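First the structure, in the form of structure tokens, and then the observations on it.
Each ligand, and each atom within it, is numbered from 1 in the order the structure gives. The shown structure was predicted, so the numbers you read here are calculated from the model rather than taken from an experiment.
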Amino acid sequence: VSTGPTPGPVPRATERPRPTDQADVRRHNAALVLGCVSEAGPLSRARVAAHTGLTRATVGTIVDELIAGGLVSEQGTRAPAGVGRPGTDLALRPDGAAGVGLEINVDGIVAAVVDLGGTVRHRVARSGDLRGRTAAAVLRSAARMVDDAVAAAYDLGLPVRGIGVAVPGLVDLGEQVLRLAPNLGWTDVAVAERLRSYAVTSWPCPVVLDNEANLAALGELWTGGHGSTDSFVLVNGDVGVGAGVVLEGRLHRGSRGFGGELGHLTVAPDGPECRCGARGCLEQVAGLDFILRQAGVRDAPRTGEDAVAPLLARLARGDERAVAAVRQAGESLGVGVAALVNLFDVDTVILGGVFAPLFPWLDEPLQAVVHRRVLSAAWAPLTVRPSRLGRDAAVIGAAYAPLRDVLADPLGADASVA
Ligand SMILES: [Zn+2]
């Protein structure tokens, strides 16, 4: 019994795809072309067609759109190879888009503008111990720094496509709420929403919140220059210790997005009490507070950009107490890293944050513990290396996150916003 509306004509197989599908195909192809130019460029249109498997006509149309959108530029004139007319090579335009990154950490705030090529174009840091300060006070000054970064990007002629915010705690990605930051003493703070409400200017793009170690790991993956390494753990050291686990090129967040809390891995069940309420967490025996205290460094700001400078000076002149303190932290880190390697079989660990400059002193004790504790160590050696992004991995990851969206969908709805 047919009482419903008369069904429309059944599309024939030879009909053109519906507009949405066509649009999807076009966007997919655009991402393919831009990805190819970005990773392998400068390249001729013909080479792009060969690399992507698209027709030269399709590549030509997409390239025109990408050039119009400011994401790709034509470079000089190549000498003709054999027969045929001379052509131009296509390259990614680094200034075609930019992201603003904001890192709110225990020891200060950093804001940066990163362009599509992964270069930091503007950076401002404010050091200061944020423990005990209210979220409102911190977010007000952070919003001012974002205001300035957006203005700096504008002055540089960089279209801002998004603002990424890194925070040292558990982030509810769906609700965009910082659930808990033990070292700051903050709970349930809607960071992105509040930053916007404190801003002086209206930001013309999305604001996205994420965990700082996760963003640091993504910063390493996207711009860290680690070549073909697509499975690694980034261990980010500061007052707190965090980890971002990247497996086969993807950040492993866990089922609710709260994974990677290496700093709260128990390494000494009866050890010192942690800000999280538990005992013997890794960051209590490997974090910056522990290292400075053990090293007897008191003539330095305990936080911020300069916190490790006096420590590094002592290490450089072979100060025994400083060396012992860092080695002790390295052994504790080794216990945490061994647990990660036993679980995930990653072959590379990247030490970021304050651990990057301390790498020469951390490496040997860390590796010795890993060798004793990792079952597969004899057959599967672990590479440990310092991050080249150092303490900026998280803010760079935060700034670059919206640019990944541009690369994934260069002709997306907001692609022409400048
Ligand atoms: Zn803890």
Side-chain angles (χ1 to χ4, degrees), residues 103-108 129-133 135 138 166-173 177-189 191 209-217 233-245 252-295 302-303 307-308 325-326 328-344 349 351-355 358 362 365-366 369-370 373 391 393-394:
E103 180 185 0
I104 299 168
N105 218 317
V106 180
D107 56 358
D129 199 334
L130 304 185
R131 281 171 285 195
R133 289 190 61 196
V138 172
V167 286
L170 299 177
V171 173
D172 183 330
L173 292 171
V177 169
L178 171 60
R179 289 293 176 209
L180 172 69
N183 286 313
L184 291 172
W186 296 1
T187 49
D188 291 322
V189 182
V191 172
L209 184 69
D210 203 341
N211 168 271
E212 48 106 17
N214 284 342
L215 286 171
V233 174
L234 179 278
V235 180
N236 210 37
D238 217 291
V239 172
V241 174
V245 180
H252 186 76
R253 295 176 178 276
S255 60
R256 269 79 46 100
F258 297 146
E261 287 297 335
L262 182 67
H264 300 282
L265 187 84
T266 308
V267 294
D270 301 319
E273 200 173 321
C274 180
R275 306 261 311 183
C276 75
R279 281 193 172 278
C281 293
L282 177 63
E283 69 183 36
Q284 293 305 316
V285 288
L288 183 59
D289 277 354
F290 170 85
I291 296 174
L292 293 178
R293 197 168 59 237
Q294 291 295 110
R302 298 297 295 267
T303 57
V308 285
V326 177
Q328 203 182 337
E331 286 174 9
S332 300
L333 269 181
V335 174
V337 165
L340 287 174
V341 176
N342 275 325
L343 282 174
F344 296 115
V349 168
L351 297 182
V354 298
F355 292 155
L358 298 178
L362 287 170
L366 190 162
V369 171
V370 166
R373 290 177 176 265
R391 298 192 81 173

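- Counting only distance, with no hydrogens or angles, the side chain of Asp172 and the backbone of Val177 share no donor-acceptor pair below 3.5 Å.
- For the Zn ion (ligand 1), protein N, O or S atoms under 2.8 Å: 4 in total.
- Distance check, rounded to the nearest 0.5 Å: CG of Leu358 to CG of Leu333 gives 10.0 Å.
- In this structure a side-chain-to-backbone donor-acceptor pair under 3.5 Å is present from Asn211 to Gly169.
- Under the side chain to side chain donor-acceptor pair (under 3.5 Å) criterion, no residue pair touches residues 254-272, with sequence neighbours excluded.
- Qualifying ring pair (Phe, Tyr, Trp, His ring centres under 6.0 Å) partners for Phe258, counting only residues two or more places apart in sequence or in other chains: none.
- For residues 279-288, the side chain to side chain donor-acceptor pair (under 3.5 Å) pairs, not counting sequence neighbours, are Asn183-Glu283.
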